[in-house]
Amino acid sequence: EVDPDDGFKYWSYVLIYVDDILVIHHDAMEPLARIGKYFLLKPDSVGDPDMYLGAKLRHNVTLNGVTCWSLSPSKYVQEACKNCRKHLSESFNGRFTLPKEAVNPFPVGFEPQIDASAERDEDAASYYHSLIGIVRWMVEIGRVDIAVEVSLLSSHLALPRENHMHALVHLMRYLEQ
């Protein structure tokens with residue numbers, strides 16, 4: 001708790017993940033300077049944030065004049081979709097490709113809980129696990145519109161099947177559009 005000269009009480013938050021630090025404070029430079037005494041901070045990385053853990057940050061002023069920060073997953077989603085498209089084109093001998101169009105997060109009529117398609121080999125299962133981690137993070141940083149689909153597909157991590165992978169690739173195409 002901080003009580004500056006203006007008489008208001010502020011809470012300070014320091015969010016640290018590996019080598020990313022985000023300080024939420026009425027004067028963020030003060031705690032950063034204290035941290036900088038013990039850890040090397042890159043001079044060009046100290047200032048108003050634009051990205052944190054893959055999410056784009058933006059300083060906003062609301063209609064009623066309140067200053068706040070907003071978070072957007074758009075950059076992370078774009079990069080993940082681009083990387084997925086590239087990986088699929090280089091791997092799996094064309095077994096999995098992004099569909100031409102995906103107007104819904106899941107293919108119409110797909111029910112992952114009753115799917116009995118072929119089990120995936122080790123490489124495809126490993127990539128399925130990676131993509132699930134990526135889309136889970138998308139939900140965490142703001143893409144709540146895919147939370148149900150991600151949850152359903154996540155429940156098949158122990159034994160992903162062919163159609164689970166196709167549905168996950170379909171979801172990536174939906175996000176790419």
Side-chain angles (χ1 to χ4, degrees), residues 13-24 35 39 41-42 45 48-60 68-177:
Y13 295 93
V14 178
L15 310 172
I16 301 174
Y17 183 79
V18 186
D19 64 346
D20 283 346
I21 300 173
L22 181 65
V23 175
I24 302 169
I35 292 168
F39 300 98
L41 301 176
K42 296 180 214 165
S45 70
D48 283 349
D50 61 343
M51 296 285 289
Y52 185 69
L53 300 179
K56 188 160 180 48
L57 299 172
R58 193 174 67 197
H59 193 252
N60 295 308
C68 62
W69 287 89
S70 65
L71 179 132
S72 169
S74 62
K75 181 77 171 160
Y76 183 84
V77 171
Q78 289 169 2
E79 287 298 312
C81 291
K82 183 176 85 175
N83 292 340
C84 177
R85 182 176 288 281
K86 181 178 183 222
H87 186 77
L88 292 176
S89 72
E90 296 171 353
S91 307
F92 307 118
N93 297 321
R95 283 186 313 182
F96 304 107
T97 58
L98 295 179
K100 284 184 180 179
E101 191 174 285
V103 295
N104 299 313
F106 262 4
V108 174
F110 178 65
E111 296 181 49
Q113 64 277 17
I114 60 172
D115 182 63
S117 60
E119 297 173 9
R120 288 306 54 202
D121 61 37
E122 219 175 279
D123 289 339
S126 177
Y127 189 59
Y128 182 86
H129 295 163
S130 295
L131 280 181
I132 288 294
I134 290 167
V135 294
R136 279 181 169 175
W137 185 243
M138 288 178 190
V139 171
E140 288 294 321
I141 63 175
R143 284 304 301 253
V144 295
D145 59 315
I146 61 169
V148 170
E149 291 81 5
V150 171
S151 177
L152 288 169
L153 291 173
S154 294
S155 66
H156 299 281
L157 283 168
L159 186 63
R161 296 183 174 275
E162 180 93 9
N163 288 337
H164 296 137
M165 183 68 158
H166 284 296
L168 186 52
V169 168
H170 180 97
L171 178 63
M172 294 303 286
R173 178 64 178 129
Y174 169 79
L175 292 165
E176 184 180 53
Q177 294 178 8

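- Side-chain contact between R173 and P99 is present, with at least one heavy-atom pair separated by less than 4.5 Å.
- Separating the OG atom in S154 from the NE2 atom in H129 is a distance of 10.0 Å, to the nearest 0.5 Å.
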F106 vs L152, side chain to side chain contact (heavy atoms under 4.5 Å, CB included): CA-CA, chis, key distance, verdict: CA-CA 10 Å; F106 262 4; L152 288 169; 4.0 Å; yes

Begin from the C-alpha positions of F92 and H87 and carry the test side chain to side chain contact (heavy atoms under 4.5 Å, CB included) through to its verdict. CA-CA 9 Å; F92 307 118; H87 186 77; 3.9 Å; yes

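- The residues R95 and D121 are annotated as salt-bridged, a charged nitrogen and a carboxylate oxygen being separated by less than 4.0 angstrom.
- Nearest heavy-atom pair across V103 and Y174 is O-CE1, 3.6 Å.
- Side-chain contact between D48 and W69 is present, with at least one heavy-atom pair separated by less than 4.5 Å.
- Of the inter-residue distances, the one linking I24 atom CD1 with L15 atom CG reads 4.5 Å to the nearest 0.5 angstrom.
- Closest approach of Y52 and Y17 over heavy atoms only: OH-N, 3.9 Å.
- Using cut-offs of 30° and 60° for the angle between ring planes, the H164 and F110 rings count as perpendicular.
- Minimum heavy-atom separation, S117 to R161: O-NH1, 2.6 Å.
- When all heavy atoms of I146 and V135 are compared, the pair lying nearest together is CD1-O, 4.3 Å.
- Contact record, H170 with E101: CE1-O, 4.3 Å, taken as the closest heavy-atom pair.
- Using bins of under 30°, 30° to 60° and over 60° for the plane-to-plane angle, the ring pair H166/F96 lands in the tilted bin.
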Run the side chain to side chain contact (heavy atoms under 4.5 Å, CB included) test on L22 and L57 for me, step by step, so that the C-alpha distance in whole Å, both residues' side-chain angles and the decisive distance to 0.1 Å come before the verdict. CA-CA 11 Å; L22 181 65; L57 299 172; 4.3 Å; yes

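- L71 places a side-chain heavy atom less than 4.5 Å from the side chain of I141.
- Within the 4.5 Å cutoff, side-chain heavy atoms of C84 are placed close to those of L131.
- Here CZ of R143 is found 9.0 Å from OG of S72. Values are rounded to the nearest 0.5 Å.
- Here the straight-line distance linking atom CD of E162 with atom CD of E119 works out to 11.5 Å at 0.5 Å rounding.
- Residue E90 places its CD atom among more than 12 non-hydrogen atoms of other residues, nucleotides or ligands, all under 6.0 Å distant.
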Between L88 and Y127, does a side chain to side chain contact (heavy atoms under 4.5 Å, CB included) hold up when you go through it step by step? CA-CA 10 Å; L88 292 176; Y127 189 59; 4.0 Å; yes

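- Note that the CG atom of D115 and the NE2 atom of H156 stand 7.5 Å from one another [nearest 0.5 Å].
- The structure places CG of N163 at 11.0 Å from CD1 of I114, a figure rounded to the nearest 0.5 Å.
- The two residues A80 and M172 come nearest to each other via the heavy atoms O-CE, 3.7 Å.
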